[in-house]
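Structure record follows, encoded as structure tokens.
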Amino acid sequence: MSTSKRLSLLLLFILVIISVIDDLSKQQPLKEESVVKVQEDKDTGIAHIKIKHGDTVLSVTEEINELDYLDVQQVINDFEKLNPGVDTESLLPNSFYYFPLYNEPQKQQERG
């Protein structure tokens with residue numbers, strides 16, 4: 001192999017290493033918790049959630065609200081309002097979506 005080819009390969013290798021180091025130094029740390037409250041009033045709030053494989057609108061909403069009762073149609077309607085144009089039946093893993101947060105008094109009123 002000629003000297004110019006060796007120098008070119010060495011230079012390319014060095015540039016790749018520098019590029020990788022630069023990218024790693026700019027990378028933001030991953031958050032331990034994927035739930036971030038964005039807005040909250042006395043009855044409802046919004047959580048920004050990163051979806052994992054197998055998550056559904058209902059499963060995530062049940063997990064973050066921990067209530068005994070959730071109106072499925074209300075959850076779907078609220079999710080669609082928070083995420084216009086998103087198909088509720090095909091959430092993409094590793095994507096973030098907004099989910100409704102409900103307080104206990106609001107759900108008790110809806111039952112009665």
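Bear in mind the structure is a predicted one, so any value in this text is a computation, not a measurement. Residue numbers count from 1 along this sequence.
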Linked, directly or transitively: Ile21 and Phe13 (ILVMFWY side chains, under 4.5 Å): yes
Separation of Thr56 OG1 from Glu62 CD (nearest 0.5 Å): 7.5 Å
From OH (Tyr98) to NE2 (His48), nearest 0.5 Å: 4.0 Å
Spacing of Leu12 atom CG and Ile17 atom CD1 [to the nearest 0.5 Å]: 10.0 Å
N/O donor-acceptor pair under 3.5 Å between Ser19 side chain and Leu15 backbone: no
Heavy-atom side-chain proximity of Val86 to Leu91 below 4.5 angstrom: yes
Leu101 and Ile46, any side-chain heavy atoms less than 4.5 Å apart: no
side-chain contact (heavy atoms from CB on, under 4.5 Å) partner of Gln74, the single match among Val72, Asp71, Ile76: Asp71
Closest approach of Glu66 to Glu63 (non-hydrogen atoms, all atoms of both residues): CG-O, 3.4 Å
CG-CG distance between Asp78 and Asn83, expressed to the nearest 0.5 angstrom: 11.0 Å
Distance in Å, Thr61 OG1 paired with Leu58 CG, rounded so as to fall on 0.5 Å steps: 6.5 Å
Cluster overlap Leu10 with Ile18, hydrophobic side-chain contacts below 4.5 Å: yes
Close side-chain approach of Phe99 to Ile64, heavy-atom, < 4.5 Å: yes
Pairwise side-chain contact, Leu92 with Tyr97, heavy-atom cut-off 4.5 Å (strictly under): yes
Glu80 side, atom CD; Leu82 side, atom CG - distance, nearest 0.5 Å: 10.5 Å
Sub-4.5 Å side-chain heavy-atom contact between Val75 and Tyr102: yes
